[in-house]
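Take a look at the structure below.
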Amino acid sequence: MALLQRYLRSPAAVIGLVLLLLVIAMAISAPWVFPRDPLSLAGRPLQWPGANPNFWLGTDNTGRNIAAQIFHGARVSLLIGLVATAISIGIGIVVGALAGFYGGWVDDVLMRITEAFQTLPNFILLLVLVAVFGSDIQTVTIAIGLVSWPPSARLTRAEFMSLRSREFVQACRVLGMRDARIIFREILPNALPPVIVYASVIMAVAILLESSLAFLNLSDPNVPSWGNLIGAGRGVLRVQWYVSAIPGVAILLTVLAVSLVGQGLNDALNPRLKSR
Amino acid sequence: MRILLLALRRLAASLPTLLLILVGLFLLLQLAPGDTVDALMAQMGGGDPAMMEQLRSFYGLDAPVLVQLTRYLWRLVQLDLGFSAIYGKPVSSVILERLPVTLLLMGTSLSFAFAAGMALGVLAARRVNKWPDALISTLGLIFYATPSFWFGMMGVVVFAIKLSWLPAGGFEDIGAGHTGLARLADIAWHLVLPVTTLALIFLATYLRIMRASMLEVLTLDFVRTARAKGLSQTGVLLRHVLRNALLPGLTLIGLQAGTMLGGAVVVESVFNLPGLGRLAYESVVQRDLNTLLGIVFVSALLVILVNFIVDLLYAKLDPRIAAER
């Protein structure tokens with residue numbers, strides 16, 4: 001409760017939360033508000049927003065309803081963001097926990113691999129993965145998770161290194177607990193908070209990565225994603241710039257919401273740092 | 001000299017990482033459907049199986065994976081990146097043609113983002129929790145949340161289409177036949193929008209780091225001493241605070257070199273710049289895996305090189321680092 005109070009004290013965090021709830025509401029209500037396939041022909045192409053009361057955000061160059069694509073796109077973006085973040089945090093926690101807990105050669109090997117992933121530019125590695133494994137939505141989501149785990153591994157490792165010699169861990173050892181139990185049941189819950197806060201950064205980046213891929217026509221074309229719509233609008237940018245402008249604003253607001261919520265959580269969890 | 005040795009040692013430590021990347025990627029690309037010969041055949045519009053077998057043994061693609069890997073690594077040591085079937089040229093010359101554009105784009109954007117981020121960060125730190133601080137921090141957050149390609153496209157709509165102040169894309173106006181200084185000016189003119197697009201995304205991060213570290217350094221004792229000596233406010237800020245507050249920002253350059261390269265891929269596609277990023281995109285679309293592997297190798301090298309330079313600068317700014325050993 002005190003956490004919630006501290007969180008609600010910051011106006012930026014409240015704005016972020018409201019925006020995020022709005023996007024979530026859009027994602028949930030999409031099938032009821034726009035029951036038709038958002039990628040099907042809805043009307044005459046390239047109607048400006050407001051020109052036709054049926055399409056309050058207009059239609060794109062193939063006559064699809066932009067508002068429907070924005071609502072359904074919210075689902076795609078949130079889903080990709082959540083799943084990719086879960087994958088990336090999952091890998092990061094396992095790698096970081098093992099490296100931090102055991103140290104020695106395990107640490108050396110795992111950190112070399114982490115370094116290798118960090119030396120490669122994220123987006124270029126993502127391009128390679130898409131080139132090799134194709135670009136349907138599952139592959140893209142997994143690939144985004146695969147390229148973005150190193151920071152969470154480093155974060156978990158640092159936490160584990162400071163926690164592993166604490167007294168409660170020694171007590172666990174004396175009790176004869178197995179390593180796996182000490183790592184995942186005893187240390188991990190203590191190491192988790194900073195990683196969870198960092199998840200908001202990963203999610204923001206994941207949404208941006210997917211939209212960049214979609215913009216380059218390398219994401220799944222059979223999914224109503226915001227990036228796809230921006231890419232589609234590129235051909236008519238000269239006059240009907242709204243086709244690209246609208247989904248861009250949607251991405252901006254979603255990423256902004258996720259970042260603000262993450263920052264708000266961070267401040268609420270570490271009240272002493274707030275004054276900075 | 002000692003600084004150089006220290007940085008060189010760090011450089012040597014990144015060699016195993018590089019090897020790991022290359023082996024990993026080589027094995028990964030073995031999973032890709034189709035090889036160079038398939039790509040070649042697709043370009044020529046098909047061919048008979050006997051010829052394909054011949055070509056495979058010509059390129060050494062019929063050997064076991066391990067042999068191929070050893071051959072590949074041995075060629076890399078000799079700086080031979082293989083042959084691009086799509087461009088009909090060695091991969092290294094294809095990449096070298098495109099590299100300058102990307103380096104120019106990245107270098108300019110980085111300098112601009114770093115300088116502007118620093119200036120705005122200092123400004124925000126001096127007026128902390130007042131309206132300029134709030135405004136600058138909010139703008140930073142918005143830039144951070146904007147997809148770079150969208151930013152670029154909206155820039156094109158406003159400045160190239162509506163106002164027609166700037167060109168909408170391309171690296172230079174080839175038809176105009178500029179030479180010398182006029183050509184330079186033309187290129188600079190074409191790069192205004194791409195550089196701004198790429199820089200704005202990174203500006204936000206530098207701004208926030210700079211603001212935070214300025215605020216931290218400002219509370220230290222030596223700053224009070226400097227003020228007590230009677231130095232002017234600007235003198236204290238520039239000579240004493242800024243130099244110390246620069247270090248985290250510098251670290252960030254090394255950490256973000258890869259992200260920036262990734263951003264360049266997208267920005268080059270928006271503005272049709274003939275750079276490395278665009279080449280990466282094209283080689284994915286055309287399944288030119290040799291070129292793609294070469295690009296990954298070069299970009300990993302670039303990231304390592306940037307970190308090497310950052311190490312050198314770091315020791316320059318903070319003499320304690322070089323003195324420690």
Side-chain angles (χ1 to χ4, degrees), chain A residues 12 16 111-135 147 151 204-205 207-209 211-213 215-218 226-227 230-231 233-234 237-239 241-242 244-245 247-249 251-260 263 275-276, chain B residues 14 16-21 24-25 28-29 31-33 128 137-138 141-142 144-151 153-154 156-158 161-162 168 211-212 215-216 255 257-266 269-270 277 280-281 283-285 287 289 292-293 295-296 299-300 302-304 307:
Chain A
M111 280 303 109
R112 279 273 174 266
I113 297 176
T114 314
E115 247 167 56
F117 271 86
Q118 278 189 312
T119 305
L120 276 181
N122 265 358
F123 194 70
I124 294 196
L125 184 57
L126 191 61
L127 285 183
V128 174
L129 287 175
V130 168
V132 173
F133 296 109
S135 56
V147 300
V205 173
I207 294 176
L208 287 175
L209 278 177
S211 65
S212 304
L213 264 191
F215 167 76
L216 292 175
N217 287 327
L218 293 174
W226 291 336
I230 297 183
R234 208 178 159 190
L237 193 63
R238 223 151 246 290
V239 185
W241 48 268
Y242 66 89
S244 294
V249 174
I251 297 176
L252 199 167
L253 290 180
T254 310
V255 175
L256 192 65
V258 172
S259 316
L260 285 176
Q263 211 180 351
S275 51
R276 278 235 194 113
Chain B
S14 56
T17 313
L18 193 60
L19 187 72
L20 201 66
I21 292 174
L25 276 173
L28 182 71
L29 288 188
L31 297 174
V128 66
S137 300
T138 312
L141 211 57
I142 290 178
Y144 172 77
T146 316
S148 55
F149 54 93
W150 184 75
F151 219 84
M153 283 166 75
M154 292 304 118
V156 168
V157 169
V158 174
I161 296 171
K162 299 283 172 215
R211 176 177 175 272
L215 287 180
E216 193 177 318
L255 282 175
T259 321
M260 196 136 205
L261 206 57
V265 178
V266 181
S269 293
V270 175
Y281 168 68
S283 52
V284 170
V285 174
R287 309 225 144 256
L289 298 182
L292 193 57
L293 201 55
I295 292 170
V296 176
S299 43
L302 263 181
V303 172
I304 291 174
N307 278 294

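Each chain gets a letter, A, B and so on, in the order its sequence line appears, and its residues count up from 1.
Looking at Leu141(B), the atoms closer than 4.5 Å to chain A (heavy atoms on both sides) sit in the backbone and in the side chain alike. Thr119(A) touches chain B through backbone and side chain together, each having a heavy atom under 4.5 Å away. Proximity to chain A is limited to the side chain of Leu25(B), based on heavy atoms less than 4.5 angstrom apart. At a 4.5 Å heavy-atom cutoff, the contact between Met153(B) and chain A is made by backbone and side-chain atoms alike. Contact of Val265(B) with chain A is made through the side chain alone, with heavy-atom distances under 4.5 Å. Looking at Val270(B), both its backbone and its side chain come within 4.5 Å of chain A, counting heavy atoms on both sides.
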Take Ile251(A) and Leu208(A), measure what side chain to side chain contact (heavy atoms under 4.5 Å, CB included) needs, and give me the verdict at the end.
-> CA-CA 8 Å; Ile251(A) 297 176; Leu208(A) 287 175; 4.0 Å; yes

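Considering only heavy-atom pairs separated by less than 4.5 Å from chain B, the leading option among Phe117(A), Phe215(A), Phe123(A) is Phe215(A). Counting heavy-atom pairs closer than 4.5 Å to chain B, the top residue among Thr254(A), Asn122(A), Leu218(A) is Leu218(A). Among the candidates Leu253(A), Val258(A), Leu213(A), Val249(A), the residue making the largest number of heavy-atom pairs closer than 4.5 Å to chain B is Val249(A).
For Trp150(B) (side chain) and Ser244(A) (main-chain N/O), a donor-acceptor pair under 3.5 Å exists by modelled atom type.
Scanning for ring pair (Phe, Tyr, Trp, His ring centres under 6.0 Å) contacts around Phe151(B) gives Phe143(B), with sequence neighbours left out.
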